Amino acid sequence: MDVTLMSAPPESTPLHTVSILGATGYTGREVLRLLIDHPHLEVIHVTSRRQAGTPVADVHPELFGRTDLVLSAKEPEAAAEADLLVSCLPHGVSGAAVASALAASPELRAVDLSGDFRIPPNEYEQAYGRAHPAPDVASEAIYGLPELFRERIAGARLVANPGCYPTAALLALAPLAKSRLLTGATVDAKSGLSGAGANPGPATHFANANENVTAYAPFAHRHAPEMQTHLAAAGADVPVLFVPHLVPMDRGILASAYAELAATTDADALQKIYRDAYAHEPFLRLVGPDRLPATKAVTGTNFADLAVVPAPGGARALVLCAIDNLVKGAAGQAVQNLNLLAGRPETEGLVHRRVAVEVSP
Ligand SMILES: NC(=O)c1ccc[n+]([C@@H]2O[C@H](COP(=O)([O-])OP(=O)(O)OC[C@H]3O[C@@H](n4cnc5c(N)ncnc54)[C@H](OP(=O)(O)O)[C@@H]3O)[C@@H](O)[C@H]2O)c1
């Protein structure tokens, strides 16, 4: 193996150690890929139920020569030895694993990528159709959208990393919510297939997904209450309708948010609202009117590209937001949150980094 590719920080650098639960999946792979190059966070454990004992670079060949880590099934031990935990497990499984890790290691701080801690347990049971896996710790969770809640994230023990669709929808609508202009919204969003994880189902089977675009779970997707809850926290407790679509691409989300406004607002006023809200955000780029957000422009990056366009003839506006679901919608945002928990600059290991874009483990 060519060890010269492996990154080694200077010996004097204080490191925070990290465990990744569920490192064989799409988001686990992305977190590992980003952290391999991080100057102050060092991954010491990667776990898998099914592939324990296998070098993680055998599962993710693009990491060959970049890490010697071997997958382990020992989740509690992994958590106990690390400073920080990132869980990339499915919902239900993840909440239980994170709760037991936090119980076993009082100093541990965790970022959970699943939906288990993003909404209160009573809403969770309705949206996810199952009992909450860890209601006792749920009240501790801070919603990890740094651009809206970074002060609260920095002091948290448990961070609920946002869902990919809610990341795009909330970034699109939050400035209007904060400015008290938003009275309601309809979010129409298109996602690449990696949003469904590494195990294909009938809807993501190549023969069904290729050359095909479909809506699914209209007005009933489990990300809708997450959008509603955190838009209210951002300043607008208003109805949000959400319709997701699958499109035949590997990765990326384009959210088209149709916002209803309290008053007719022109293009200059809308631009000012977004500039005031996001001008200093390192990962948010206001584009348009000449170039509108597009998934390819953000692929493999932690950027969210946004544009706001007033609708003719009334108090409505279209806000577009493009993200990479696996980076700003998952792993990159998790690294932002890890940086905040570790007291590191939020952009460390992320700025202008464009990661390779393969999706297959
Ligand atoms: N994909 C996205 O765009 C995205 C975006 C935001 C958030 N998320 C959330 O992030 C989490 C991970 O998503 P993902 O797309 O990375 O999923 P994935 O590709 O299916 O990976 C799931 C990981 O969990 C492990 N695992 C452990 N116990 C499991 C169980 N009982 N059933 C299934 N897998 C189990 C799997 O590894 P072994 O089988 O080797 O144990 C695998 O490493 C999910 O909660 C998802 O909702 C995903």
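Whatever order the structure lists ligands and atoms in, that order sets their numbers, starting from 1. Owing to the predicted nature of the structure, the values given are computational and were not obtained by experimental measurement.
The shell of residues lying under 4.0 angstrom from ligand 1, judged by heavy atoms, excludes Ser94. For Ser194, the heavy-atom gap to ligand 1 drops under 4.0 angstrom. Not a single heavy atom of Gly163 sits less than 4.0 Å from an atom of ligand 1.
A single hydrophobic cluster is not seen to contain both Val159 and Ile119; linkage of ILVMFWY side chains at heavy-atom distances under 4.5 Å, directly or through other members, places them apart. Leu21 and Val56 are assigned to two separate hydrophobic clusters, defined by single-linkage of ILVMFWY side chains at heavy-atom distances under 4.5 Å. Following chains of ILVMFWY side-chain contacts shorter than 4.5 Å, one cannot reach Leu158 starting from Val18, and the two form parts of different hydrophobic clusters. Cluster annotation: Leu85 is not connected to Leu71 through the hydrophobic network of ILVMFWY side chains, with a link wherever side-chain heavy atoms come within less than 4.5 Å. Transitive grouping of hydrophobic side chains (ILVMFWY, heavy atoms separated by less than 4.5 Å) brings Ile253 and Leu246 into a common cluster.
Counting only heavy atoms of the protein, atom 14 (P) of ligand 1 lies nearest to Thr27 OG1, 3.7 Å. For atom 6 (C) of ligand 1, the nearest protein heavy atom (residue, atom name, distance) is Gly329 O, 3.2 Å. Looking at atom 3 (O) of ligand 1, its nearest protein heavy atom turns out to be Asn325 ND2, 2.9 Å. Nearest to atom 12 (C) of ligand 1 among the protein's heavy atoms is Cys88 O, 3.1 Å. Given atom 17 (O) of ligand 1, the protein heavy atom at minimum distance is Gly197 CA, 3.9 Å. The single protein non-hydrogen atom nearest to atom 9 (C) of ligand 1 is Leu113 O, 3.3 Å, given as residue, atom name and distance. Nearest to atom 31 (N) of ligand 1 among the protein's heavy atoms is Arg49 NH1, 3.3 Å. Nearest protein neighbour of atom 43 (O) of ligand 1, counting heavy atoms only, is Thr24 OG1, 2.6 Å.
Ligand 1 places these atoms under 4.0 Å from at least one heavy atom of Gly195: 1 (N), 2 (C), 3 (O). Each of the atoms 24 (O), 26 (N), 29 (C), 30 (C), 32 (N), 33 (C), 34 (N), 35 (C), 45 (O) of ligand 1 lies under 4.0 Å from some heavy atom of Pro90. Residue-ligand proximity, His91 to ligand 1, at heavy-atom distances under 4.0 Å covers atoms 45 (O). Interface of Leu326 with ligand 1, defined as ligand atoms under 4.0 Å from a residue heavy atom, comprises 1 (N), 2 (C), 3 (O). Taking every heavy atom of Ala330 and a limit of under 4.0 angstrom, the matching atoms of ligand 1 come to 5 (C), 6 (C). With ligand atoms numbered from 1 in the order given, ligand 1 contributes 11 (C), 24 (O), 25 (C), 26 (N), 27 (C), 44 (C), 45 (O) to contacts under 4.0 Å with heavy atoms of Leu89.
No more than 12 heavy atoms of other residues, nucleotides or ligands sit less than 6.0 Å from atom CD of Gln126. Arg285 CZ: more than 12 foreign heavy atoms inside a 6.0 Å radius.
Of the candidates Gly25, Pro166, Ala198, Ala198 brings a heavy atom nearest to atom 20 (O) of ligand 1.
Among the atoms of Gly22, some N or O lies under 3.5 angstrom from an N or O of ligand 1.
For atom 47 (O) of ligand 1, the nearest protein heavy atom lies 4.0 Å away or farther.
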**OP:** List the steps and the verdict of ring pair (Phe, Tyr, Trp, His ring centres under 6.0 Å) for Phe117 and His132.
**Re:** CA-CA 9 Å; Phe117 297 111; His132 194 281; 5.6 Å; yes
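Rounding to the nearest 0.5 angstrom, the gap separating the CG atom in Leu171 from the OG1 atom in Thr167 is 6.5 Å.
Of all non-hydrogen atoms in Lys328 and Ala304, the two that sit nearest each other are CG-CB, 4.5 Å.
Between the side chain of Ser114 and the backbone N or O of Leu89 there is no donor-acceptor pair closer than 3.5 Å.
Side-chain contact check for Glu226 and Tyr165: no donor-acceptor pair (N or O, by modelled atom type) lies under 3.5 Å.
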